[in-house]
Enquirer: 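What follows is a structure written as structure tokens; I'll ask about it next.
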Amino acid sequence: MTTLGYALLSLLACETLSGYDIAHNMKERIGNFWHARHSQIYPELARLQEEGLITHEIVEQQDRPDKKVYTITQQGMEQLRQWATQEMDTPAIRDELVLKAYALWTADQQKAIALFRTHEQRHRAQLASYQEIEKWLLLQWEADDKRSDSPWFASYATLRRGLGYEREYIEWCAWVADTLEHNHPA
């Protein structure tokens, strides 16, 4: 099974969702660490259903086409449980801005400073967004008595990773831009 399949099972383990809701949750709930396009989601849902890991029901709607609502099966839940603790390789990092940093000594310093300040601001905006989500999520987890076997704990654990990533990226971008500004020949 693909990692995308496990991502979909993870979402469906929390709640029954339509394809549209899955795509939305892919962006909102796990977007800080996993991405997929609509064109990837629907074929993967079909594969999961073929394997008996999910089922769907047709929900009739007025003034819209009927929609499929997906639910994880017991078999899907068991496969997800096993996968969640399996060892894996260290993921390869592909970050174009880091690659550009490697070539900065060849670049126009003013343009490089502007590039890193722009990315610093983008990451500040993303951090602010995550911090708003954090406030809401902590309330949900508190209401669940901070249980570690709760989907709220899992959501908060992944959000903390996103918060840390954004903070570190801001610090790094600022450091690069500050260093370029202070060492820029007059």
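Quick caveat: nothing in here was measured; it's all calculated off a predicted structure. By convention here, the first residue in the shown sequence is residue 1.
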Enquirer: Any side-chain heavy atom of Y70 within less than 4.5 Å of one from L48?
Expert: no

Enquirer: So, R47 and E51, do they make that salt bridge, N to O below 4.0 Å?
Expert: no

Enquirer: Between Y169 and D95, is there a side-chain donor-acceptor contact under 3.5 Å, judged purely by atom types and distance?
Expert: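 Checked: D95/Y169 side chains pair up, N/O donor to acceptor below 3.5 Å.
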
Enquirer: How about D144 and W152: do any of their side-chain heavy atoms sit closer than 4.5 Å?
Expert: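 A side-chain contact under 4.5 Å exists here.
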
Enquirer: Quick check on the hydrophobic clustering: are Y6 and M77 connected, directly or via other members, by side-chain heavy-atom contacts under 4.5 Å?
Expert: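 Y6 clusters together with M77.
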
Enquirer: Does the ring center of F116 lie less than 6.0 Å from the ring center of W172?
Expert: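 Yes.
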
Enquirer: In terms of side-chain geometry, is the basic nitrogen of E166 or R122 positioned less than 4.0 Å from the acidic oxygen of its partner?
Expert: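 No, this pair does not count.
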
Enquirer: Can you tell if the side chain of E15 reaches within under 4.5 Å of the side chain of L17, non-hydrogen atoms only?
Expert: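 Heavy-atom side-chain distance check passes, below 4.5 Å.
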
Enquirer: Do you see a donor-acceptor pair shorter than 3.5 Å between the side chains of T55 and Q49?
Expert: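 Side chains of T55 and Q49: no pair found under 3.5 Å.
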
Enquirer: Given the rule in the side chain to side chain donor-acceptor pair (under 3.5 Å) test, do Y156 and E134 qualify, once you have shown the distances and angles that lead to the verdict?
Expert: CA-CA 7 Å; Y156 185 56; E134 181 183 32; 3.1 Å; yes

Enquirer: If you measure from CD1 on I30 to CG on L11, what distance do you get to the nearest 0.5 Å?
Expert: 4.5 Å

Enquirer: Which heavy atom of L4 sits nearest to which heavy atom of A36, and what is that distance?
Expert: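 Heavy atoms only, the tightest pair is CD1-CB, 3.6 Å.
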
Enquirer: On the 0 to 90° scale, with breaks at 30° and 60°, tag the F153-W141 ring pair as parallel, tilted or perpendicular.
Expert: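 Aromatic pair F153/W141 classed tilted.
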
Enquirer: Salt bridge or not for R117 and E120, using N-O below 4.0 Å?
Expert: yes

Enquirer: Any non-hydrogen side-chain atom of H56 less than 4.5 Å from a side-chain atom of T71?
Expert: no

Enquirer: State whether R147 and D149 are salt-bridged, where the test is any N-O pair (Lys NZ or Arg NE/NH1/NH2 against Asp/Glu carboxylate O) under 4.0 Å.
Expert: yes

Enquirer: Does atom CH2 of W105 have more than 12 heavy-atom neighbours, drawn from other residues, nucleotides or ligands, at distances under 6.0 Å?
Expert: no

Enquirer: Is the shortest side-chain heavy-atom distance between L104 and V176 below 4.5 Å?
Expert: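 In contact.
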
Enquirer: Can you check whether H38 reaches Y42 side chain to side chain, under 4.5 Å on heavy atoms?
Expert: yes

Enquirer: Could you verify whether a donor N or O on one side chain and an acceptor N or O on the other, from Q82 and E78, lie under 3.5 Å apart?
Expert: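 Judged by distance alone, the side chains do pair up.
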
